[in-house]
Structure formats: C-alpha cells, structure tokens
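Residue numbers start at 1 and run along the sequence shown. In each ligand, atom 1 is the first atom listed, and ligand 1 is the first ligand listed. Here the structure is a predicted model, which is why all the values come from computation and not from measurement. All values below come from the heavy atoms of this structure, side chains included, with hydrogens, waters and symmetry mates left out.
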Amino acid sequence: MCGIVGYLGEKNTKKILLDGLKELEYRGYDSAGIAVLENGNFSYYKAVGKLVNLEDKTKDYETKGFAAGIGHTRWATHGKPTELNAHPHLGESSYVVHNGIIENYANLKKELIADGVTFLSQTDTEVIVHQFEKNLKSCATAFEAFGKTISELDGAYAVLLVTKSEADTIFFAKHGSPMLVGTNKEGEKYFASSDTPLIGHCQDVNYFEDGDFGYVTANDIAIFNNDGVKKEAVFSALSQNKLSAQKDGYRFFMEKEIYEQSDVISDTLMGRLSDEKIIFDELDKSLFDGINEIKLCACGTSYHAAMSASYLFERYSKIRTSLEIASEFRYRSPIMSKDTLFVVISQSGETADTLETLKMAKKAGLKTLVICNVDNSSMVRLADACILTRAGIEKGVASTKAFATQVTVFWMLSLFVAKLRNSLDTNEIARQISLLREIPTHVKVTDEMHERIKRLSKRYLHGHGFFFIGRDVFFPLALEGALKLKEISYLHAEGYPSGEMKHGPIALADPELFTIALLPEHLHYEKSKSNVEELSARDSTICVISAIEFDKADDFVQISTCQDYMLEFFEMMIVVQLLSLEISIRLGNDVDMPRNLAKSVTVE
Ligand code: F6R
C-alpha cells in the first residue's frame, strides 16, 4: 500500500526523502513523488512506475539548506496510476501526501468545484489540500485551518502537509493509517508510515495515535488529540534491524499478513458501503445489462475465493454461476455465450493461465470483469471493468490477506447484483451490509486464539494426511485450508465437502488421519455434525472448529459466536491460516518462501 515520508531539517532533503521512499518499496506502489519547500519556494517531482524513474527526474535537482519535504509512494485506489494522480497533490501554495481513503471526498469535491476550485487528479486526496486552502482564507493561522480541515474528513488517513504560509513547518494528522515521527540530537524531524525509513536517522520515535494531529518545526513537535487538547510525545526506542522492522516484529511476512487482515478488509470496504446499498463507483451498471450467467475463472487460492462467490451469487443475486479452473478452461473448447459475464480473479493480475482465459473471453465478445489486487496489471488493463481488492502488497508466497479481501469483494458484489436484479429485499441487503461492517472485528487475531493454535499445532506434525471438510462456502474454505497447509508444511492435505467423505475417502479414516472439521453454527450445522460423527466413529483424529462445543472431537478450537455464517467463515479462515503457519514453523520451514513455489505464476 502507499508509503509516506517527511523531513524537516538542514541535510540533503532530496536524498533523505528518496532514500526513505526506497525503504518503503517493499509495500508495493505504482507511482511516487516528492515536494520540497526551501527558501519559500516549492520544487516537486512525480513519476509513474519504479523509484528509479523519480530518481532520474530529480537527478539535476539539489537541496542546499533548511527545507520541509514530503514524499509518497502510491498504490492506486481512486484513479489510475498516472503522474497527475501521484502524490504530493498541489493546491495554490501547499502540497499534501496521504495514505488511506477519504470516504466523504465526493461531497467535499462537489462543494469545492462549486466554489470554483479546479481539480487536476481523480484522487480522493486532492480534496485535502483544496479544503485546507479554503479554510486558510477564513482562519487566523495555518494550524487552525489544518485542524479544521482534518475535522471535516471522514475515513482513514495519515496526512502530511506543507504550505508557503508557514514555510518552516510540516503539518501532520493520523486516523486509521499508521504514521510515526522521530527526532535526533540535531533537532531534525523525520516522518514515515512505518519504521524503516527512520532507521539510522533516529533512535527514538513517537507512534501517533488515531486522532492525533499537529505540526513540527525546527524546535517543536506539537501533538494534539481529537479534542484539540495538547499532549506530550511518547518516545520509544526504534529497532535498528531493517528486515525485522519490515516485518513489524512478526516472525514471517505471512504471519504479519494474517494479522493485517482486519485493516486491509477495512480498506476493501471503505467507501463502498452505504446503509442500504453497495457502492462500486468503478462499475458501470450497464456491465450487467443482458447478463444471465456469471462465469468465474481463476487459479489456486483465487479459485477458492471464486468458489465461495459461486454460492453467494446464486443464493443472493439469484443468477446462474459457473466456476472454472483457468488451466483447464483454456484447453477444453468451452462454449461461451454473450449473455455471460466473464469474471477473472487474481491477486497479481499476471497469472498466465488466468490471463489467457480473459483473452479468450474478450475474443469471444463476452463482457469481462477482473477482481484484482494490483492496479495496472495485465488483467486490469485488459478487462472491461475492474474491482481492486486493496489488500496491499502480499509478500508471503502463501496467500492470506488477498484471499480475505477477494471474498469480501465477492460478498459485496453479490449484494450489488442482488440490488440490480431485485433478488433480495431492501431490509435483507441492509442487514447483510451491517454484517459486512463486522468482518474487520471478526478477523482480529487475539493472543488467546494464537496461543491456543500454537499449542495445538504440536499434535499435528505427522500422520498420513489431513482432510479439511466443510459444506457450502465452508467447502472452498476447507480447500483453502488444505492448500495453505500443504504449501508451507509439505504435509499431504485435501479439502473435501463434508457430505462426500462417505463416498470414498472415509476408507482412509484411522487415528493417523487428521480431520479438520469446519462446523458453522448458522449453516447446515446438524448435517455437518453427522458427517464428523461418521469419521469419529471410524477413529479418525478430529479437530473441530466451531462456535458450539463438540464432545466427539479430539481437539476443539472455539470461534466466537457470530450472527451469520459468513462471519463464521472469516473467523474460521483465521484459524486455518494460523494452524498451517504454526505447524509449518514447528517443522522448521521457511514459511514465506516455500520450496518449489513462486508468488506469481507467469508461465504455464
Ligand atoms: C496459494 C497461492 C496461489 C495463487 C495462484 C493464483 O497461496 O497464492 O495458489 O492463488 O497462483 O495467483 P493469482 O491470484 O495471483 O492469480
């Protein structure tokens, strides 16, 4: 996701900003920029693509003395990755960089346009700088105008702003997106959206809390809380190890990404939910005109997300839905009819098999949609329409947060289509939207849950195989649980529909066969329970994941009581991810780089 840096001091500001941005490269980005205010004048540079492009553009630019500088790497959410959409964004005499999403930007923008403001970009961010300059006209100080602006923003943000009206100051605000400030003996001030750019420059840093805003000058760090009350900075020692700083103290990126799911799902939902409908600004409603079938096509984990979606589309949107494994679809002379919306799902947007099926669908004249995590990827460029999942860069080879955001998008999309087709009544759509808002809470990893799974994992390091079983959407989750486990532990695991076990695989049941049973309270509980009992009677070792205690299990992981099966889905997703992680760590494997696997499979 996006990265922010800021610097106020007398050293080489350009270099400090560019070096800082380099430290944030691992988060993923598609454009970058800097703005520096020195001797009352701004210099700014932006470039699409990698940082070398920005370095190239700034090669003849030098900073010499005291300056206030801000920089940004952008991961596109509102608007394409173009130079105009890259940060910093300019007003008349101020620049801003921003991480997060301003939910009420459309209303603010409408009012500003009515006031005569011209917008250069398609971003939500640009409203911040114009709103600030509007407030500057009626406020006594730039700080007052900044505080007023922040109080007018809804959504999540980490913001840095520099303005000619107070040229020796950087203004900051944080709500929902991370940001810290550090200082040193020379009195320099460094900002960043995560630790690494500050390593080597500062020993002690202050992590801002939600609601904090204020300013820094050469002599001061002034922090105010939500209510405008001044507070002291709380400094803590900064770890000086860059790799561990990138992992934020987690042992593996995969672990970090499991923990990030609550935040990234909030990003996925942001700006897309109103009380009674789903908003996908990126979709033209005519995309669904004349459509009688949805065909979902993907590979691996993305295929499992698609399979979950196939249940939701038929249940909620009442539209015929079919599912395809991309590597199979491409070579089986499929029949493609024009009343089908062809939907590809891909974290990377580059998977060769999936990309090829998209090309086939386009060639056959079908309307196409991609659900993707990487803007400007090949699939995003090719499809007629795109919904970005906003999971941020995923470094662990075993996908976790990308899957979570894909399922979140699909749940939203099934309600969006339900509204278009009138297949769910308004109250039910409103109820489901309130459930969607609950997902981030349900995927928060608690210490208690993680500890429980860590302890449990030592009993599952051997055996002749695992069966993950579930019904309905819990079947694709079972497939995903099994895929996670085999990818990183190298143990054999299969996902199976619970009701299908008796048609063959139950022959394998013995104490060395581990069954991981997904038993949701709110979907076919009794039926799934009987299937587990059948396995228990044949002495399989059983670990049940459920909100309801189950006495026939050898092990039991209790999820919290949920209002709906989809929330149980997300709770169980966390359990199967953590279980795979902990088993694999105990086996001594490199969880982030499992043998034989690549993050993006761009060959057949
Ligand atoms: C598993 C995993 C893979 C990918 C698959 C498709 O953890 O990550 O199964 O899901 O290779 O990749 P994308 O989603 O990039 O098309």
Side-chain angles (χ1 to χ4, degrees), residues 28 252-258 260-261 264 268 296-309 323-330 342-359 361 368-383 386-410 468 476-491 493-495 573-574 576-581 583-584 589-604:
F252 291 95
F253 281 108
M254 180 185 173
E255 184 179 29
K256 176 172 177 249
E257 286 158 5
I258 292 172
E260 270 171 11
Q261 290 178 116
V264 296
T268 307
L296 302 160
C297 188
C299 302
T301 288
S302 296
Y303 174 78
H304 298 151
M307 190 187 281
S308 319
L323 187 66
E324 306 283 351
I325 290 179
S327 55
E328 284 295 306
F329 186 75
R330 7 183 341 189
F342 194 82
V343 183
V344 287
I345 307 93
S346 174
Q347 186 285 127
S348 60
E350 303 296 346
T351 302
D353 286 324
T354 314
L355 182 60
E356 191 51 40
T357 65
L358 178 59
K359 288 180 186 160
T368 56
L369 167 68
V370 58
I371 313 290
C372 191
N373 195 35
V374 182
D375 200 0
N376 222 26
S377 56
S378 303
M379 287 182 218
V380 170
R381 291 198 306 270
L382 194 63
C386 156
I387 301 177
L388 292 176
T389 47
R390 304 180 184 161
I393 193 166
E394 191 176 59
K395 290 200 98 180
V397 167
S399 181
T400 52
K401 61 178 183 166
F403 173 76
T405 54
Q406 287 169 340
V407 178
T408 304
V409 164
F410 275 130
F468 286 69
L477 183 59
L479 287 170
E480 177 57 11
L483 180 65
K484 284 295 83 91
L485 185 66
K486 63 187 149 202
E487 279 182 295
I488 58 175
S489 72
Y490 319 136
L491 296 169
E494 278 189 63
M573 175 196 77
I574 295 289
V576 295
Q577 290 171 343
L578 287 174
L579 188 62
S580 304
L581 176 84
I583 289 175
S584 311
N589 298 345
D590 181 345
V591 168
D592 284 335
M593 271 186 249
R595 70 184 184 204
N596 306 338
L597 298 181
K599 183 68 190 159
S600 184
V601 187
T602 51
V603 290
E604 263 196 77

Look only at interatomic distance and state if Ser348 has a nitrogen or oxygen under 3.5 Å from any nitrogen or oxygen of ligand 1. yes
Given 3.5 Å as the limit, does a donor-acceptor pair link the side chain of Tyr490 with the main chain of Asn589, or not? no
Under 3.5 Å side-chain donor-acceptor pair for Glu394 and Ser399: yes
Any heavy atom of Lys484 closer to ligand 1 than 4.0 angstrom? yes
One finds that the ligand 1 atoms under 4.0 Å from a non-hydrogen atom of Ser346 are 13 (P), 14 (O), 15 (O), 16 (O)
Does the Gln577 side chain pair with the main chain of Ile258, one donor and one acceptor, at a distance under 3.5 Å? no
Contacting atoms of ligand 1, where contact means under 4.0 angstrom from a heavy atom of Ala398: 7 (O)
Of Ala402, Ser580, Pro594, Cys299, the one whose closest heavy atom lies nearest atom 6 (C) of ligand 1 is Cys299
Going by the order shown, which atoms of ligand 1 are within less than 4.0 Å of some heavy atom of Gln347? 13 (P), 14 (O), 15 (O), 16 (O)
Using only atom types and a distance under 3.5 Å, with no angle test, would you say the side chain of Gln406 pairs donor to acceptor with the backbone of Thr389? no
Taking the basic N atoms (NZ, or NE/NH1/NH2) and the acidic carboxylate oxygens, is any pair closer than 4.0 Å for Arg330 and Asp353? yes
Gln347 side chain to Ser302 side chain, donor-acceptor N/O pair below 3.5 angstrom: no
Should you measure from each heavy atom of Val397, which atoms of ligand 1 turn up under 4.0 Å away? 7 (O), 8 (O)
Atoms of ligand 1, numbered as shown, that sit under 4.0 Å from any heavy atom of Ser399: 7 (O), 8 (O)
In ligand 1, the atoms that come under 4.0 Å of a heavy atom of Glu487 are 1 (C), 2 (C), 7 (O)
Please report the closest heavy-atom contact between Leu479 and Gly495, naming both atoms and the distance. CD2-O, 3.6 Å
Of all the atoms in ligand 1, which lie at a distance below 4.0 Å from a heavy atom belonging to Ser302? 10 (O), 13 (P), 14 (O)
